[in-house]
Each structure stands twice: as C-alpha cells, then as structure tokens.
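These numbers come from a predicted model, not from an experiment. Because only heavy atoms are used, hydrogens play no part in the values below, and waters and symmetry mates are left out as well, while side chains stay in. If you read the sequence from its start, that first residue is 1, and numbering goes on from there.
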Amino acid sequence: MIQAYKEYWSNITVMDARATRGQYWWPQLLNYLLLFIYGMVTNISQYYNVETQEFTKLNIYAFIFMGLTFAIWLANFTVRARRLHDTNRSNWWILVYLIPLFGPIIMFVFMVLPSKSYSRWNVNQSELS
C-alpha cells in the first residue's frame with residue numbers, strides 16, 4: 001500500500017506506463033482519507049459555501065486545500081492513463097468521462113478490470129514469424 005502511494009506521487013507526470021489495480025486504488029483510498037482528515041482538522045467547510053460552490057473567505061488553509069486537490073487531480077489523471085494501458089486501452093479512453101452520467105460509470109468499470117497481457121502495438125506474435 002505504501003509502495004503504491006510512493007509510486008503514485010513519483011510518477012505524477014508519467015502517462016506512458018502501466019498501473020495495476022492496487023497501484024490505482026490504494027492511492028485513491030489514501031487521498032480521500034487524507035483530504036477528509038485535513039478538512040476535519042482545519043474545518044475547511046466553514047470557508048466553503050456549498051450552494052454557490054465558492055470559497056467565502058480565502059486563507060492559507062483554503063489555498064493549501066486547493067493546491068492539494070489540484071496535485072491529486074493531476075496525479076489521478078496520469079494514473080488513470082497508466083491504468084488504461086494496463087487494461088490494454090489507449091489514453092484517449094479518458095474522454096469517456098465527457099459522456100454525462102454513463103462516462104464515470106464506464107471509467108469505473110475500466111478501473112476495476114484485471115490486467116491484460118500488454119502488447120504496445122497489439123501485434124500478433126505469429127504474424128512476425
């Protein structure tokens with residue numbers, strides 16, 4: 001779990017690789033847990049208006065929270081691309097998120113699928129002989 005989290009952050013800009021289910025899901029769980037704890041400790045909800053979806057008072061806690069969420073968003077974007085590679089799909093499948101309602105469901109299914117054998121160009125080995 002800790003190794004997967006270290007790899008998650010050390011590969012924050014790497015999209016052309018693979019990520020197993022554990023390398024995807026453990027960081028997701030830890031990020032939600034850490035953001036929840038940070039929100040509870042700093043009481044970040046008092047600075048955020050849910051109705052208007054805006055920060056009512058910007059302070060150092062709000063800026064740290066925005067910085068953390070942006071870094072996590074970037075790392076999640078790249079780990080999704082690596083996870084798609086592990087299921088033998090292209091990075092372009094991330095665009096499935098743009099489909100209202102069904103896009104996130106489809107992407108969730110892709111993220112829970114088991115790893116497939118990897119061939120960069122999907123070439124049948126018998127064709128090479």
Report task. Could you name each residue pair satisfying side chain to side chain donor-acceptor pair (under 3.5 Å) that touches residues 92-101, not counting sequence neighbours? Result ->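 For residues 92-101, and leaving out neighbouring residues, the side chain to side chain donor-acceptor pair (under 3.5 Å) pairs sorted by first residue read Arg80-Tyr97.
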Query raised in the report: Tell me, which pairs form a ring-ring contact (aromatic ring centres under 6.0 Å, His included) where one or both residues lie in residues 10-43, sequence neighbours left out?
Result: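 The answer is Trp25-Phe108.
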Heavy-atom side-chain proximity of [X] to [Y] below 4.5 angstrom:
X	Y	answer
Phe110	Leu84	yes
Arg89	Leu113	yes
Tyr8	Asn31	yes
Gln28	Asn76	yes
Trp9	Ile72	yes

Distance from [X] atom [atom1] to [Y] atom [atom2], nearest 0.5 Å?
X	Y	atom1	atom2	value
Leu34	Leu68	CG	CG	9.0 Å
Thr20	Asp86	OG1	CG	6.5 Å
Met107	Leu95	CE	CG	8.0 Å
Ile64	Met66	CD1	CE	10.0 Å

Query - Sequence-distant partners of Asn11, side chain to side chain donor-acceptor pair (under 3.5 Å), two or more places apart - result: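 Partners of Asn11 under the side chain to side chain donor-acceptor pair (under 3.5 Å) test: none.
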Requested in this report: Tell me, please, which residues at least two apart from Arg21 pass side chain to side chain donor-acceptor pair (under 3.5 Å).
Outcome: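 Side chain to side chain donor-acceptor pair (under 3.5 Å) list for Arg21, sorted by chain: empty.
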Shared hydrophobic cluster for [X] and [Y] (ILVMFWY, side-chain gaps under 4.5 Å):
X	Y	answer
Leu98	Ile94	no
Leu35	Met40	no
Tyr61	Phe70	yes
Leu101	Ile106	yes

Which atom names give the shortest non-hydrogen contact between [X] and [Y], and what distance separates them?
X	Y	result
Val112	Arg83	C-NH2, 4.4 Å
Ala4	Gly22	CB-O, 3.9 Å
Met1	Leu30	CG-CD1, 4.0 Å
Ile99	Pro104	O-CD, 3.8 Å

**Report entry** N/O donor-acceptor pair under 3.5 Å between His85 side chain and Arg18 backbone
**Finding:**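 Flag not set: sc His85 to bb Arg18 has no pair under 3.5 Å.
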Query raised in the report: Does Phe77 have any ring pair (Phe, Tyr, Trp, His ring centres under 6.0 Å) partners at least two apart in sequence or in another chain, and if so, which?
Result: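 Checked Phe77 against ring pair (Phe, Tyr, Trp, His ring centres under 6.0 Å); matches are Trp73.
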Query - Residues in side-chain contact (heavy atoms from CB on, under 4.5 Å) contact with Thr78, at least two apart in sequence or another chain - result: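 side-chain contact (heavy atoms from CB on, under 4.5 Å) check on Thr78 returns Met15, Arg82.
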Report task. For Tyr5, look at atom OH and say whether over 12 heavy atoms of other residues, nucleotides or ligands are found less than 6.0 Å away. Result ->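 For Tyr5, atom OH is crowded (more than 12 foreign heavy atoms under 6.0 Å).
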